[in-house]
Amino acid sequence: MFALYGYQEIFLEGAWLTLQVALLSLVLSVALGLLAALAKLSHSTILKTIATLYTTIIRGIPDLILMLLIFFGGQLLINDMSYTLNEWLNETITGYYPTHEWTAYLPEYIDISPYFAGIITIGFIFGAYMAETFRGAILSVDKGQLEAATAYGMNKYKRFFRVMFPQMMRHALPGLGNNWLVLLKTTALVSIIGLQDMVKIAGDASGSTQKPFTFYLVVALVFLFYTAVSTSVLKWAERKYSIQTR
Amino acid sequence: MTVPTLSIKNLHKSFADNQVLKGIDLDAHKGDVISILGASGSGKSTLLRCVNLLETPTSGDILVNGELIEMKQDIKRGAIPASNKQVERIRSRLAMVFQSFNLWSHLSVLENVIEAPVHVLGVPKKEAIVKAEALLQRVGLYERKDYYPGQLSGGQQQRVAIARALAVEPEVMLFDEPTSALDPELVGEVLTVMRDLAEEGRTMLVVTHEMAFARDVSNKVLFLHQGLVEEQGKPEDIFTNPSSERFKQFISTVY
């Protein structure tokens, strides 16, 4: 297809990986964002507090720092937890069977794959931004629309999925699209936790070929391609949804 | 004596310190068309919205076909329905037509009409569509079945809303000022449909400012004043011979 000093194939794989990470993070962030938005608008003080803490903390810390904190901190946390659980299980069992030999029921060291760490981190960060987009969208749905749903006997789940969700998406789409573009570009950060995305590959390749400008230019063009395609898809979606409004 | 289709007993409703309804009693039998009149702030819309629990009554009983809507006391929120399931089931039998139509704007006209039958009552979609098309035919909007509410005039939207209400074969139809948001030239088309419904024996509760409708179509009129029933009776009696001074005044100002 195109020659890149022998790096073309691995580079294409990296470009595909970038897209995967972005799309999966998007799914996670939309789910988290919806939950956080609903929590913020709920009557429960506890849910409200948790959601507000989540969005305030996440939006107040640079993405790069968060990624490092969650990747390394998550690693520590999971291993500490599995260590503690192992100890506790063994102690409990020894209490009943004194002859019991120490066994590692949970793996003694869990290595978080950078792939999932990246997706979880980006999904987590953008969930906070999505929460604000969705909160605004939920508030802009006309109350009468939900009242009609209530009056015709819908329960709260039907009310949400059959009326609230389709109507709020119309209002959420512009903000959602904006968040998606920023999210897509943020995937460039996953290279720092060792994921073989196209940014990491470009870095490695420019080191060995001494052609950093060429490689980073290609990375830039691929991102530009992704965002251009996204923008036209979003335009189409917005048009499709706006047909139904006056 | 038959069981009333809808029975309201000693209904009270307060918002914080503001008492809106101070003990209302009302029975609607099958085929009754009851007009509820009153100045703004008299509590007439609140009364209608309490019937299907869009507003939760502070106290009092509501019975639909003799079935009492069970309430319980909550420390924070006061009186609340004891069973959401029961309330949802009863609501699905009482269709409401709103002042601002409230058609679901993301659904086409036809989809609006089949939504509750299919997704609340579990009617097979094909069956619901056949029925919805007949109802739209009836309100004169069959040709507009694939339009979205935003593409229709107010009068047309309200007629679709009436078709949506008829689609659930309601025990009682609740009309909350159905013509108040309409331009004067569009009021007639909606009232004509409502007259038809009254004539075919639908049980209707109508909050309205349309004196002619109250006088000519309904068989019972209720006049509310400051949360109480100030005057009630057959329209031919109370319009010609009102016993309450306030109702006399009300008629003279509205006419």
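Side chains included, hydrogens not; waters and symmetry mates left out as well; all remaining heavy atoms used. Throughout, a chain's letter reflects where its sequence line sits, starting with A, and its residues are numbered from 1.
For residues 160-182 of chain B, a heavy-atom distance under 4.5 Å to chain A picks out B/A161, B/R164, B/A165, B/V168, given by residue number.
In A/F160, the CZ atom is crowded: over 12 heavy atoms of neighbouring residues, nucleotides or ligands sit closer than 6.0 Å. A/I46 CD1: 12 or fewer foreign heavy atoms inside a 6.0 Å radius. Within 6.0 Å of NZ in B/K131 there are more than 12 heavy atoms belonging to other residues, nucleotides or ligands. Atom OH of A/Y105 has more than 12 neighbouring heavy atoms from other residues, nucleotides or ligands inside a 6.0 Å radius. Sparse packing is recorded around OH of A/Y157, with 12 or fewer heavy atoms of other residues, nucleotides or ligands lying under 6.0 Å away.
Residues B/M96 and A/Y152 approach most closely at O-OH, 2.9 Å, considering heavy atoms. Listed here is the closest heavy atom pair of B/N102 and A/E147: ND2-OE1, 4.4 Å. When every heavy atom of B/V120 is checked against every heavy atom of A/M154, the shortest pair comes out as CG2-CG, 3.7 Å. Shown here for B/H106 and A/V163, the closest heavy-atom pair between the two residues is CE1-CA, 3.9 Å.
Only the side chain of B/A116 comes within less than 4.5 Å of a heavy atom of chain A; its backbone N, CA, C and O stay farther away. B/L53 does not touch chain A: none of its heavy atoms, backbone or side chain, sits under 4.5 Å away. Looking at B/I90, there are no atoms closer than 4.5 Å to chain A (heavy atoms on both sides), in backbone or side chain. Neither the backbone nor the side chain of B/N84 comes within contact range of chain A, judged by heavy atoms closer than 4.5 Å.
Put simply, CG on B/L54 and OG1 on A/T150 are 6.5 Å apart, with the number rounded to the nearest 0.5 Å.
Judged by distance alone, the side chains of B/H119 and A/R162 do bring a donor and an acceptor atom under 3.5 Å apart.
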